[in-house]
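For reference, the structure is listed below as structure tokens.
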Amino acid sequence: MKLEEIVGELLRGKKLSLSTAESCTGGSIAALVTSVPGSSAYFNGGIVAYSNEVKMALLHVSAETLEKYGAVSRETVTEMARGAMKALKTDCAVA
């Protein structure tokens with residue numbers, strides 16, 4: 001069984017929804033998730049935010065976080081995940 005299938009089974013079993021906030025991966029995580037038939041039962045969507053401007057506008061990553069820690073940092077990823085959950089109304093997110 002593939003990882004994306006296992007994740008889907010876990011989400012479905014716990015009745016949780018998922019979203020993605022991607023940058024460097026360019027949407028490939030969302031592509032893996034949606035490659036599983038029936039993934040619409042738990043996957044609401046994803047945001048590919050490659051530029052800092054999009055990270056700030058759509059995912060509400062603060063300019064201060066980007067300046068202090070950079071676009072590729074734990075702090076930025078945390079804000080991206082929170083922003084995706086809020087924007088896409090999900091229980092959890094991968095960023």
Side-chain angles (χ1 to χ4, degrees):
M1 185 177 279
K2 295 179 181 179
L3 179 61
E4 56 269 24
E5 294 169 331
I6 294 168
V7 169
E9 283 189 12
L10 290 170
L11 290 165
R12 192 185 313 267
K14 295 181 181 284
K15 297 183 184 344
L16 294 173
S17 56
L18 175 69
S19 59
T20 59
E22 299 184 67
S23 184
C24 299
T25 54
S28 60
I29 296 171
L32 280 173
V33 172
T34 58
S35 71
V36 178
S39 58
S40 62
Y42 50 83
F43 185 69
N44 285 13
I47 297 171
V48 178
Y50 203 71
S51 73
N52 286 348
E53 291 77 17
V54 174
K55 286 177 182 71
M56 291 185 290
L58 297 182
L59 296 171
H60 305 289
V61 175
S62 73
E64 294 78 22
T65 298
L66 290 165
E67 285 178 31
K68 185 173 182 179
Y69 301 104
V72 183
S73 67
R74 177 179 298 157
E75 293 79 7
T76 297
V77 167
T78 299
E79 289 185 26
M80 288 174 64
R82 288 184 181 138
M85 288 188 297
K86 184 175 181 178
L88 298 167
K89 299 177 179 23
T90 59
D91 301 304
C92 49
V94 174

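Index from 1, following the sequence.
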Minimum heavy-atom separation for Ala21 to Ala84, with atom names?
->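 Smallest interatomic distance, heavy atoms only, reads CB-CB, 3.8 Å.
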
Write down the atom of Met85, the atom of Ala93, and the distance for their closest heavy-atom approach.
->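 For Met85 versus Ala93, the nearest heavy atoms are CG-CB, 3.5 Å.
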
Can you tell me if Asn52 uses its side chain to pair, donor with acceptor, with the backbone of Ala71 under 3.5 Å?
->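 It does not hold such a pair.
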
Please answer whether the main-chain N or O of His60 pairs with a side-chain N or O of Lys55 as donor and acceptor at a distance below 3.5 Å.
->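 Side chain of Lys55 to backbone of His60, a donor-acceptor pair under 3.5 Å: no, none is there.
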
[X]: hydrophobic cluster co-members (side-chain, 4.5 Å):
{"X": "Tyr69", "answer": "none"}
{"X": "Val72", "answer": "none"}
{"X": "Val61", "answer": "Ile47, Val54, Met56, Leu58, Leu59, Leu66, Met80, Leu88"}
{"X": "Leu18", "answer": "Leu3, Val7, Leu11, Leu16, Ile29, Val33, Val36, Tyr42, Phe43, Val94"}

Sequence neighbours excluded, which residues qualify as side chain to side chain donor-acceptor pair (under 3.5 Å) partners of Asp91?
-> Ser17

Please list, chain by chain and in numerical order, all residues satisfying side chain to side chain donor-acceptor pair (under 3.5 Å) with Thr90, sequence neighbours excluded.
->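 Side chain to side chain donor-acceptor pair (under 3.5 Å) list for Thr90, sorted by chain: Ser19.
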
Residues two or more places apart in sequence or in another chain: which of them pass side chain to side chain contact (heavy atoms under 4.5 Å, CB included) with Ile6?
-> Met1, Leu10

Identify, with sequence neighbours excluded, every residue that meets side chain to side chain contact (heavy atoms under 4.5 Å, CB included) alongside Lys2.
-> Glu4, Glu5

Do any pairs count as a side chain to side chain donor-acceptor pair (under 3.5 Å) and have a residue in residues 25-38, sequence neighbours left out, and if so which ones?
->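 Side chain to side chain donor-acceptor pair (under 3.5 Å) check on residues 25-38 returns Glu22-Thr25.
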
Would you mind listing every side chain to side chain donor-acceptor pair (under 3.5 Å) that reaches into residues 77-87, with sequence neighbours excluded?
->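 Counting only pairs at least two positions apart or across chains, the side chain to side chain donor-acceptor pair (under 3.5 Å) contacts touching residues 77-87 are Thr65-Glu79.
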
